[in-house]
> 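This structure is in structure tokens; I'll ask about it shortly.
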Amino acid sequence: MPVTYIQAINQAMHEEMARDENVMLLGEDVGVLGGAFKATEGLHEKFGSERVVDTPISETLIIGAGVGLAIQGMRPILEMQFIDFISCGFDQIVNMAATLRYRHGGQTACPIVIRGPCGAGVHGGLFHSQNPEAWFFHVPGLKIVAPSTAYDAKGLLKAAVRDDDPVIYLEHKFLYRRIKEDLPEEEYVVPIGKAALRREGKDISVITYGPPMHAAVKAAKDMASEIDIEVIDLRTLLPYDWKTIRESVKKTGKALIIHEARRTGGIGGEIAARIAEDLFEHLDGPVMRLASKDTHNAFAGPMEEYIIPNQEKVTEAVRKLAAY
Amino acid sequence: MTEQKERELYFWLRLIREFEGRVSALDRQGKIQGGVYSGKGQEAVVVGVCHDLRPDDWIFPLHRDLGAFLAKGADPNRLMAQIFGKRDGFSKGKDSFLHGGDFSRCIFGSTSMLGSTLPVAVGTAYKFRIGKEDRVAIAFFGEGASSRGDVHEAMNFAGIYKLPVVFLCENNFYAYSTPNELQFAVEDVADRAVGYGFKGEVCPGNDLHSVMKAARKAVDRARSGGGPTFLECKTYRYHGHSEHDRATYRSAEELITWESRDPIERWEVYLEKRKYDIAAIREETGTKVKKIVDDAVAFAEASPHPEGPEAMEDLYATPITEG
């Protein structure tokens with residue numbers, strides 16, 4: 001039976017908590033309610049209130065306590081009810097968790113996962129639609145993953161739980177129930193740091209993640225007779241899979257980076273700069289970016305549509321780059 | 001208390017003062033890079049709290065608690081190397097002063113975001129609770145840090161789950177230059193404990209007996225499942241916020257008043273009352289602690305600086321391999 005993206009997340013937590021008694025969960029309303037989006041459904045029932053902890057509205061506490069649990073051998077998953085609220089725990093992430101191992105000279109690890117629903121497209125407005133990856137992309141010591149399929153949502157969460165470093169896991173709420181697929185019966189893990197080639201092509205490399213990956217694949221199919229698009233789904237943003245990007249751009253000579261997070265200061269800028277620095281002689285056109293407009297994620301439908309990338313905008317950007 | 005114990009406590013007070021005094025002197029000589037935060041005057045707090053702890057209890061010291069490192073059993077040599085930024089320090093040179101803890105002694109390294117270790121201490125205490133371990137976590141913080149959200153969030157959570165943690169507030173009356181009346185509108189910070197559902201206690205932090213008694217009560221309560229305690233020790237730092245701060249914002253009279261309550265002199269008076277030969281103890285202890293500190297400085301000076309590329313080590317536990 002097909003499994004939705006959010007069910008895949010739920011399955012990953014069920015499996016990891018059953019596999020390792022040190023895995024636990026802290027967050028707001030994650031217990032009896034099963035989470036605001038039902039991502040944690042059934043966990044409280046199965047694993048009890050000591051391992052599935054309902055916290056007060058205290059993001060600083062959730063993340064800081066996660067670090068405290070981690071140094072005592074636990075592997076906490078820390079839910080931000082909406083990823084926007086991660087800003088309230090920013091200090092504990094960038095100054096506490098990210099520096100923990102480094103400033104202790106390698107005496108400890110920090111196996112925490114901070115996960116929560118990110119992204120626009122569901123009329124969430126300014127405080128329920130953000131894409132915070134760039135806030136953390138600049139911080140050494142962190143890892144960031146952003147799955148776009150149910151398969152990856154499950155496999156990457158399992159990898160994140162098993163990783164000894166702090167991982168920010170960005171689950172896109174637009175995909176929660178729109179994406180479903182049959183998942184393998186047997187256990188699997190999607191390794192952190194490896195991109196997925198969603199479609200092979202020879203004309204243009206589209207480097208993307210999250211919902212725009214689906215728009216890019218659809219655009220690629222629709223434009224197949226015109227332009228042969230290769231679609232790379234980064235999956236892991238920090239560290240990103242440079243090898244896959246490099247091989248693709250060397251082949252196509254053209255790179256378009258697409259993300260839903262806004263353009264200025266977005267991670268697309270870093271990838272574009274690296275392609276320009278390292279692969280200049282392979283390029284047949286400018287490295288281009290398609291991202292959200294440089295504004296807040298406005299609430300009203302037409303404005304939200306205007307701001308975020310969609311298939312139409314992908315097609316337009318691809319044509320523009322192909323014309324070089 | 002046995003004579004041996006009383007002498008031992010005196011040794012720790014003196015060792016900490018000697019160690020910190022030497023660090024201040026080395027700082028003045030330009031031998032230490034970065035900030036040095038002296039706890040001179042506050043020795044009774046760290047000794048009184050740490051001396052009765054078990055090796056596997058955890059402490060979360062603040063930036064001024066070098067003494068807590070020593071009292072909890074950190075190797076003086078490695079501690080001095082840490083302060084020198086050398087490879088044998090707990091941070092292996094990656095950060096300064098007390099930002100690297102000693103996990104072998106259950107000592108957590110602080111950050112400069114004061115109060116930020118309290119949520120971590122509470123997470124640790126949560127693990128002790130669910131693991132049914134009778135261990136405790138001691139979260140040190142200053143009265144200045146008590147105004148931060150981290151402190152409130154941690155205490156609120158600890159109150160809800162009755163965690164085995166002691167919130168140890170070292171109230172030395174100044175947050176850098178800002179006096180208490182500009183920091184909070186209450187006399188005792190411990191009053192805030194009421195709002196978290198646990199007990200707040202105030203004790204004279206320069207009196208080792210008082211600190212020991214209050215700390216033991218709080219630790220016993222935590223260990224036996226009675227939940228957290230907010231223990232506020234009123235004390236005073238003789239030096240400025242850091243060694244670069246001449247503390248001109250406070251009066252000479254105030255300093256003199258507090259020097260008259262010096263924790264080490266008080267303990268000497270107590271030992272004298274016990275009819276011990278204080279002159280002999282003072283001399284013997286002085287020789288002993290000087291040797292330990294001399295050795296630590298020699299060790300730290302001999303320890304190599306890390307090489308530049310070592311800055312790339314210890315960043316990730318599961319290293320990133322680039323294709």
Side-chain angles (χ1 to χ4, degrees), chain A residues 22 24 26 48 50-51 53-74 76 88-89 91-92 95-111 140-143 162-165 192-194 236 238-239 241-244 246-247, chain B residues 58 60 82 87 89-96 99-104 108-113 116-131 133 135 137 148-150 152-158 160-161 163 306 311-323:
Chain A
N22 293 320
M24 56 186 295
L26 281 82
E50 283 192 342
R51 283 177 70 194
V53 187
D54 269 328
T55 67
I57 302 176
S58 301
E59 284 77 15
T60 293
L61 175 277
I62 295 170
I63 296 161
V67 174
L69 287 158
I71 63 170
Q72 299 303 330
M74 304 301 284
C88 303
D91 173 56
Q92 288 290 339
N95 288 315
M96 183 63 75
T99 66
L100 185 73
R101 177 176 167 81
Y102 193 71
R103 66 191 168 82
H104 281 93
Q107 292 178 72
T108 182
C110 189
L142 300 179
K143 292 173 180 172
R162 296 174 195 197
D163 199 282
D164 280 334
D165 294 306
I192 290 177
K194 299 282 175 227
T236 298
L238 186 65
D241 183 352
W242 173 242
K243 187 181 174 189
T244 298
R246 184 183 65 207
E247 294 315 306
Chain B
W58 271 78
F60 296 77
Q82 167 70 18
R87 196 189 276 150
F90 306 121
S91 274
K92 299 199 274 190
K94 297 210 175 64
D95 204 355
S96 58
H99 292 164
D102 179 359
F103 273 47
S104 72
F108 191 76
S110 60
T111 75
S112 293
M113 291 67 200
S116 73
T117 49
L118 269 73
V120 182
V122 160
T124 286
Y126 190 90
K127 166 61 172 57
F128 294 164
R129 206 193 80 146
I130 60 172
E133 303 167 62
R135 299 159 76 186
R148 290 202 60 222
D150 297 54
H152 168 75
E153 293 191 21
M155 291 195 186
N156 185 49
F157 185 77
I160 295 166
Y161 287 99
L163 299 179
M312 306 310 290
E313 294 174 4
D314 300 320
L315 193 52
Y316 290 101
T318 315
I320 306 308
T321 47
E322 199 174 87

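Note that the coordinates shown come from a computational prediction; the quantities given were computed from them, not determined experimentally. In what follows, every chain begins at residue 1, and chains take the letters A, B, ... in the order their sequences are listed.
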> Using side-chain heavy atoms (C-beta onward) and a distance below 4.5 Å, is Y126(B) in contact with V53(A)?
yes

> Could you have a look at C110(A), P239(A), G105(A) and say which one has the most heavy-atom pairs with chain B under 4.5 angstrom?
G105(A)

> Is F108(B) in contact with chain A via its backbone, its side chain, both, or neither, using a 4.5 Å heavy-atom distance?
both

> So for I160(B), is it side chain, backbone, both, or neither that comes closer than 4.5 Å to the heavy atoms of chain A?
side chain

> For the residue pair L142(A) and Y316(B), what are the closest heavy atoms and their distance?
O-OH, 2.6 Å

> I need the residue from T55(A), I192(A), I63(A), T108(A) with the largest number of non-hydrogen atom pairs under 4.5 Å to chain B.
T108(A)

> For the backbone of S91(B) and the side chain of Y102(A), can you confirm whether one donor and one acceptor N or O come within less than 3.5 Å of each other?
no

> Report the distance from atom CD1 of I57(A) to atom CD of E153(B), rounding to the nearest 0.5 Å.
10.5 Å

> Determine the option with the most heavy-atom pairs under 4.5 angstrom with chain A, choosing from G149(B), A154(B), G101(B).
G101(B)

> Do H99(B) and T99(A) come close enough that some side-chain heavy atom pair is under 4.5 Å?
no

> With a 4.5 angstrom heavy-atom cut-off, which part of Q72(A) approaches chain B: side chain, backbone, both or neither?
both

> Measure across D150(B) and Q92(A) and return the closest heavy-atom pair with its distance rounded to 0.1 Å.
OD2-NE2, 3.0 Å

> How are the rings of H104(A) and F103(B) set to each other: parallel, tilted or perpendicular (split at 30° and 60°)?
perpendicular

> Below 4.5 Å from any heavy atom of chain A, which atoms of E313(B) appear? Answer side chain, backbone, both or neither.
backbone

> What residue in K94(B), K92(B), H152(B), R129(B) has the most heavy-atom pairs under 4.5 Å with chain A?
K94(B)

> Could you tell me which residues satisfy salt bridge (Lys or Arg N to Asp or Glu O under 4.0 Å) with E247(A), sequence neighbours excluded, listed by chain and number?
none

> Hey, is the main chain of A317(B) close enough, under 3.5 Å, to the side chain of D165(A) for a donor-acceptor pair?
yes

> Counting only non-hydrogen atoms closer than 4.5 Å, does A311(B) touch chain A with its backbone (N, CA, C, O), its side chain (CB onward), both, or neither?
both

> Would you indicate whether the side-chain heavy atoms of M96(A) and T117(B) approach each other to under 4.5 Å?
yes

> Most heavy-atom pairs under 4.5 angstrom with chain A, which of G109(B), A121(B), G100(B)?
G109(B)

> Do you know the tightest heavy-atom contact between T318(B) and D164(A)?
OG1-N, 3.5 Å

> On a heavy-atom basis, which atom in L315(B) and which in P140(A) lie closest, and how many Å separate them?
CD1-CB, 3.9 Å

> For S96(B), is it the side chain, the backbone, both, or neither that has a heavy atom closer than 4.5 Å to a heavy atom of chain A?
neither

> Among P56(A), C88(A), G68(A), which residue forms the greatest number of heavy-atom pairs with chain B at distances under 4.5 Å?
G68(A)

> Name the one of T60(A), I62(A), V67(A) that satisfies side-chain contact (heavy atoms from CB on, under 4.5 Å) with P119(B)?
T60(A)

> Of all heavy-atom pairs between I130(B) and M74(A), which one has the smallest distance, and what is that distance?
CD1-CE, 3.9 Å

> Please state whether the side chain, the backbone, both or neither of N156(B) comes within less than 4.5 Å of a heavy atom of chain A.
side chain

> Considering all heavy atoms of both residues, which atom of N95(A) and which atom of M113(B) are nearest to each other, and what is their separation?
ND2-CE, 3.2 Å

> Run the numbers on I71(A) and W58(B) for side-chain contact (heavy atoms from CB on, under 4.5 Å), then give the verdict.
CA-CA 11 Å; I71(A) 63 170; W58(B) 271 78; 4.0 Å; yes

